[in-house]
2 protein chains.
Amino acid sequence: MAVSEGVSPSASPAPVPGPLLSEQEAMCPHRLVLEHVTSRWGVLVLIRLQERPHRFSELRRAIGRVSEKMLTQTLQTLERDGLVHRDAKPVIPPRVDYSLTDLGREAAEQVCALALWTERRMDGVLAARQAYDEARRTHDEARRARDEARTL
Amino acid sequence: MAVSEGVSPSASPAPVPGPLLSEQEAMCPHRLVLEHVTSRWGVLVLIRLQERPHRFSELRRAIGRVSEKMLTQTLQTLERDGLVHRDAKPVIPPRVDYSLTDLGREAAEQVCALALWTERRMDGVLAARQAYDEARRTHDEARRARDEARTL
DNA sequence: CTGGATCCCTTATGATACTG
DNA sequence: CAGTATCATAAGGGATCCAG
């Protein structure tokens with residue numbers, strides 16, 4: 001959003017390497033939660049944790065193709081928002097279990113509903129895309145032909 | 001995600017300046033729709049259009065602080081997915097009305113439900129954040145003290 | 001008014017190396 | 001194993017100019 005916000009250039013060169021989001025910390029607060037919950041990895045984490053609690057690497061494997069960094073970041077954000085509970089057992093080797101809080105379960109339900117909807121309606125979307133793409137292709141060809149005719 | 005996917009370097013140098021997403025066009029397709037729908041501007045567009053149809057600039061003003069570029073991009077993506085209907089009247093000056101399709105209305109309902117949920121549960125989230133931040137602050141201080149003691 | 005094209009900066013994300 | 005730190009890169013997003 002606004003690049004030159006009310007952030008003085010000299011102060012706070014990099015206050016926090018803050019995961020997800022930054023200076024928008026000022027807008028409607030619930031917008032932020034929405035973004036956390038619907039973030040690329042947030043969605044997947046919530047869905048996985050809704051099945052059952054997972055350890056860090058379990059989650060990593062279950063989600064697949066997510067870097068440790070992003071998973072950590074996502075989990076921390078969700079934990080801070082009170083959606084995920086982090087249970088770190090002081091053992092060696094370390095073992096940390098992640099699970100949903102009551103709040104998180106509610107969020108997961110919403111997100112899952114959305115995910116299931118997209119799955120159910122996929123055909124419709126696919127059909128719409130084909131129609132759109134073809135229409136645009138046709139339109140482009142017409143335009144090209146027109147331009148060419150004009151040039152001649 | 002994957003940087004070096006199966007995209008031949010020579011072919012299609014820039015097939016489409018593609019808005020939102022890129023080479024992940026290969027993964028579970030419904031994941032993509034989910035991302036379109038939950039994208040930063042996608043959410044806001046769906047919510048606004050659920051109220052009533054909007055013209056381009058109406059949407060722009062209603063959402064506020066969104067660049068023309070991103071709004072255009074978002075609308076095109078949603079239109080391609082068959083969620084938004086674009087009605088361009090061939091008049092001067094141009095007038096384009098955007099509205100939800102049946103599919104789009106369903107999506108908007110889901111998204112709105114999620115948005116309303118975050119609004120309702122905001123206090124809980126806020127409280128969780130305070131607790132989290134304070135706990136982490138305390139923890140950090142303890143660690144710093146420990147490190148200092150060790151250095152002495 | 002709508003939006004396509006471009007330039008450029010910010011941010012998100014991934015790969016790697018390192019600590020507890 | 002879990003997580004942090006650092007670095008490099010690609011995608012996201014904004015500003016601007018311009019065309020239909």
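Put simply, CD1 on A/Ile92 is 13 Å from C1' on C/dT19, counting in whole angstrom units. Residue A/Gln73 contributes atom CD, which lies 8 Å from atom C1' of C/dT13 at whole-angstrom precision. Rounded to whole Å, the distance from CZ on A/Arg60 to P on C/dA15 is 9 Å. Here the P atom of nucleotide D/dG12 and the CG atom of B/Leu44 are 17 Å apart, to the nearest Å. Across the protein-nucleic acid pair, B/Trp41 atom CH2 and C/dG3 atom P stand 17 Å apart, rounded to whole Å. As a whole-Å value, the separation of A/Leu71 CG from C/dG14 C1' is 13 Å. Spacing between atom CE of A/Met70 and atom P of D/dA8 amounts to 19 Å, rounded to whole angstrom units. Counting to the nearest Å, the C1' atom of C/dG20 and the CZ atom of A/Arg95 are 18 Å from each other.
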Each nucleotide N or O in nucleotides 3-5 of chain D that has a protein N or O under 3.5 Å away: list the pair and distance.
from: D/dG3; atom 1: OP1; to: A/Arg86; atom 2: NE; distance (Å): 2.8
from: D/dG3; atom 1: OP1; to: A/Arg86; atom 2: NH2; distance (Å): 2.5
from: D/dG3; atom 1: OP1; to: A/Tyr98; atom 2: OH; distance (Å): 2.8
from: D/dG3; atom 1: OP2; to: A/Tyr98; atom 2: OH; distance (Å): 2.9
from: D/dG3; atom 1: N7; to: A/Glu68; atom 2: OE1; distance (Å): 3.4
from: D/dT4; atom 1: OP1; to: A/Gln76; atom 2: NE2; distance (Å): 3.1
from: D/dT4; atom 1: OP2; to: A/Gln76; atom 2: NE2; distance (Å): 3.2

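Phosphate proximity of D/dC1 to A/Arg55: absent, as no side-chain N or O sits under 4.0 Å from OP1 or OP2.
Every side chain to side chain contact (heavy atoms under 4.5 Å, CB included) that B/Ile47 has, sequence neighbours left out, goes to B/Val43, B/Val111, B/Cys112, B/Ala115. Scanning for side chain to side chain contact (heavy atoms under 4.5 Å, CB included) contacts around A/Arg48 gives A/Glu51, A/His54, A/Leu59, A/Ala62, A/Ile63, with sequence neighbours left out. With sequence neighbours left out, the side chain to side chain contact (heavy atoms under 4.5 Å, CB included) criterion links A/Arg61 to A/Ser57, A/Glu58.
For the pair B/Val45 and B/Leu71, the minimum side-chain heavy-atom distance is below 4.5 Å.
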Solution key, residues 103-110 of chain A side-chain donor-acceptor pairs under 3.5 Å, sequence neighbours excluded:
from: A/Arg105; atom 1: NH1; to: A/Leu100; atom 2: O; distance (Å): 3.4
from: A/Arg105; atom 1: NH2; to: A/Asp102; atom 2: OD1; distance (Å): 2.8
from: A/Glu106; atom 1: OE1; to: B/Trp117; atom 2: NE1; distance (Å): 2.6
from: A/Glu106; atom 1: OE1; to: B/Arg121; atom 2: NE; distance (Å): 2.8
from: A/Glu106; atom 1: OE1; to: B/Arg121; atom 2: NH2; distance (Å): 3.3
from: A/Glu106; atom 1: OE2; to: B/Arg121; atom 2: NH2; distance (Å): 2.9

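Residue pairs meeting the side-chain hydrogen bond (donor to acceptor under 3.5 Å, both in side chains) criterion with at least one partner in residues 91-100 of chain B, sequence neighbours excluded, are B/Arg86-B/Tyr98, B/Lys89-B/Asp97, B/Arg95-B/Asp97.
Using a 4.0 Å heavy-atom criterion, one finds that B/Pro93 contacts the sugar-phosphate atoms exclusively.
Comparing atom distances between the B/Arg40 side chain and each of C/dC1, D/dG13, C/dG14 picks out D/dG13 as nearest.
Distance alone, capped at 3.5 Å, places no donor-acceptor pair between the A/Thr77 side chain and the A/His36 backbone.
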